[in-house]
Amino acid sequence: MERTHTNGALRLKDVNQTVVLVGWVAKRRNLGGLVFIDLRDRTGITQIICDESTSDSIKDVRNEYILQVYGIVRERKDKNLKLPTGAIEVQATKVTVINKAETTPIIIADETDALEDTRLKYRYLDLRRPVMQQKLFERAHITKVIRHFLEDNGFIEVETPILTVSTPEGARDFLVPSRVHPGSFYALPQSPQLFKQLLMVSGFERYFQFARCFRDEDLRADRQTDFTQVDIETSFLSEAEIQELMEDMMCLVMKEVKGLDIARPFLKLPYFEAMNRYGSDKPDIRFGLELQDITDIFKESAFSVFNSIDPKKGTIKALVLPNMAESSRKDIDQYTAMAKKYGAKGLVTIKYQDSILEGSAIKFFNETEKDQLINRLGLHKNDLILIIAGDWEKSCEALGALRNYFGKELKLYDPEIFSFLWVVDFPLLEYSFEDQRYYAKHHPFTRPKEEDIPLLDTDPSMVKAAAYDMVLNGFELGGGSLRIYDQSLQAKMFGILGFTPEDIKRRFGWFIDAFQYGTPPHGGLAFGLDRIAMILTHSESLRDVIAFPKTASASCPLTNAPTPVDQKQLDELSIILKDHN
RNA sequence: GGUCCAGUGGUGUAGUGGUUUAACAUGCCUCCCUGUCACGGAGGAGAUCGCGAGUUCGAUCCUCGUCUGGACCGCCA
């Protein structure tokens, strides 16, 4: 189709050129003998001006019609500074309607007022909106920069299967019934973890893939059932070398996509410090408001909430909120409810309104405790102190959730800032009292820190993993680890996790077998591409950077997926449905 | 599995401590208008108030259930 320019291209320098434009009618302003049309394509909007002589049918043109416009570029009398093309307009000499359009159910403009449900039902129209187009263009730009970076650094792109085998320990799998093998199922990959490790066994040394991953778990604003991982694995690199390479990559993305120079190297925060100071393993360090430990002050406390905690695993954590001492009863009830939601037993609140400690817990404190509290927390007039006592992890996380809430509520950070860091030194294992066994915190192939390997025999819970998460503004962008390549170490790991040899053979024998033929030291990580795109585009939800996302209940308003299928299809798959009525 | 919030013309909202023409904005249609750009002006069409049951003389409104959407907890190695 004849077209000389896009609708975002023309400028003052093009005046008097003869041009041919195509695009959608974004807006028509009919002044009677004179008609203005905003012609839109993915690059922008150009104003077309027509008079009655141009075409009789011009008054029949409606929004979202597709037009081909022949005309001459003119300088505008009244320029529109809001548009890049606002200095010019195209005086139409001929206008052809390429296609008509029904009235759209949603307004095609950045400021659509349609609810998300409606937007998803008519996603193809929602994606016509310039803001949405910009988000997807930006996502594609991120993808492009990452791919170029990895290719330039010797990484090879390899595809791994979508129909694969159910993997051990992790999220719920999506299963696909086999027609050929009745009663057997493929699983969709939660990540290509095992395949990428096998590619290291094969000797590719540097692998990457934009991998679709699937997890059958409940959705959130930042979680979808199917999502895209930038999956990366390397051989012969140390933890520090992998991290440096990934910093190079993300800094290039920030430079190319956002035009920002990010400070190097990224802060490396050990897991325990992240939890103690920020109450999160993915801390938002754009603002301070750090948690403080006051456990030792109240060792001998007369206050039952403080003296009933387990001295080994328990903790007392405080969060000081400046100028919040005048919070109402209602506000404080709300903070308490929030703390409880995140697993705290309760919330102790103390006001330092007129430089005097006030609160229902104060009567249990002696003078030494009061003095120590004031000094330790460095209290100022009008501070509000929130205290959570109990299990270390739960207390930190609950207070960390409050910290995040106040960081946002009190606008303690500039939303344009991007604060990267690594969280490192994660514990290798997590003990479940319920199941009376250890679970791998990352996955069972994660390598322990070299110096902690002897602890595997004596105190497994103290062993740290060679695992690392890249964190940005309170979101986990990605995470990874060095992997176990030594077979005896792997055997020891399985022993600690309580797997019998039969378990191992049945569940991932095919994977372990590969390791006996010369496995290089290897490690890698995976980034959540959707999350990167979400944060860089300042989107509220992952759904805004995914072309066709699913709703919170894992359905698609556009296609109505998932849907029932014909009995014939079920029969072929040897599936008999349980009666849900 | 759980908690909370929402469902009213095409779209987004208001509203009713229970009764009559259900309001506003925008979109849509018709007419007028040669410098608009969120154009303006005049007129018009468009809603069984998510669905089902209950209470009542009477329910968009109250009660219960249900469905859909959203946020979060659990879950997500």
- If we take the C1' atom in both B/A22 and B/U8, what is their distance in whole Å? 9 Å
- Task: May I ask you to establish whether A/K196 and A/Y207 are in a cation-pi arrangement, using a distance under 6.0 Å from NZ or CZ to the six-membered ring centre and at most 45° from the ring axis?
- Result: no
- Message: Rounding to an integer number of Å, can you tell me how far A/D216 CG sits from B/G1 P?
- Response: 12 Å
- Give one of base, sugar-phosphate or nothing for A/T118, where a contact means two heavy atoms less than 4.0 Å apart. sugar-phosphate
- Across all strands shown, which nucleotide pairs with B/G40 by Watson-Crick or G-U wobble geometry, both distances under 3.5 Å? B/C32
- Note on the structure: Pairing partner of B/C4, by Watson-Crick or G-U wobble and under 3.5 Å for both distances, is B/G70
- Interatomic distance at P, B/U66 relative to B/A25, whole Å: 39 Å
- Roughly how far apart, to the nearest Å, are B/A14 and B/A6 at atom C1'? 15 Å
- Could you tell me which nucleotide pairs with B/G18 by Watson-Crick or G-U wobble geometry, both distances under 3.5 Å, or answer none if nothing does? none
- Does A/R437 make a cation-pi contact with A/Y439 (under 6.0 Å, within 45 degrees of the axis)? yes
- Message: Check this for me, if you would: do A/D218 and A/R223 make a salt bridge, where the nitrogen-to-carboxylate-oxygen distance has to be below 4.0 angstrom?
- Response: no
- Specify the separation, in whole Å, of atom CE of A/M338 and atom C1' of B/U3. 14 Å
- Given that both distances must come in under 3.5 Å, which nucleotide forms a Watson-Crick or G-U wobble pair with B/U63? B/A53
- Please state the P separation for the pair B/G9 and B/G46 - nearest whole angstrom. 15 Å
- Message: Ring centroids only, cut at 6.0 angstrom: are A/F508 and A/F494 within range, meaning strictly under it?
- Response: yes
- Task: State the pairing partner of B/G27; accept Watson-Crick or G-U wobble contacts with both distances under 3.5 Å, and report none otherwise.
- Result: none
- Item | Nearest-angstrom distance, P atom, B/G7 to B/C62 | 11 Å
- Query: Who does B/C76 pair with, Watson-Crick or G-U, both distances under 3.5 Å?
  - Reply: none
- Query: How are the rings of A/F195 and A/W510 set to each other: parallel, tilted or perpendicular (split at 30° and 60°)?
  - Reply: tilted
- Query: Does A/R74 come within less than 4.0 Å of A/E89, counting only side-chain N to carboxylate O?
  - Reply: no
- Using the test ring-ring contact (aromatic ring centres under 6.0 Å, His included), find all partners of A/Y278 that sit at least two apart in sequence or belong to another chain. none
- Task: Find the distance between CD1 (A/I162) and CZ (A/F214) and round it off to the nearest 0.5 Å.
- Result: 4.5 Å
- In whole angstrom, what separates A/I106's CD1 from B/G12's P? 9 Å
- Task: Hey, can you tell me if A/W422 and A/Y468 have their rings parallel, tilted or perpendicular (30° and 60° cut-offs)?
- Result: perpendicular
- Message: What is the separation between atom CD1 on A/I484 and atom P on B/A77, rounded to the nearest whole Å?
- Response: 18 Å
- Item | Atom-to-atom span, CZ of A/F511 to C1' of B/A77 - whole angstrom | 14 Å
- Message: Expressed as a whole number of angstroms, how long is the span from A/K441:NZ to B/C76:P?
- Response: 11 Å
- Query: When the distance from OH of A/Y122 to P of B/G27 is rounded to whole Å, what number comes out?
  - Reply: 19 Å
- Pair A/D226 + A/R212, salt bridge at N-O below 4.0 Å: yes
- Task: Take atom C1' in B/U68 and the same atom in B/C28, then report the distance between them in whole Å.
- Result: 27 Å
- Starting at the 5' end of nucleotides 68-75 of chain B, put B wherever the base has a protein heavy atom under 4.0 Å, S where only the sugar-phosphate does, and a dash everywhere else. SSSSSBBB
- Looking only at atom C1', what distance separates B/U63 and B/C24, rounded to whole Å? 30 Å
- Classify every nucleotide of nucleotides 31-41 of chain B by which part a protein heavy atom approaches to under 4.0 Å, writing B for the base, S for the sugar-phosphate alone and - for neither, in 5'-to-3' order. --BBBBBSB--
- Of A/T103 and A/H442, the one whose closest RNA chain B nucleotide lies more 5': A/T103
- Rounded distance in Å - CG (A/L115) to P (B/G50): 14 Å
- What distance, rounded to whole Å, do you find between the two P atoms, one in B/C64 and one in B/G27? 40 Å
- What one should report as the nearest heavy-atom pair of A/V201 and A/A514 is CG1-O, 3.7 Å
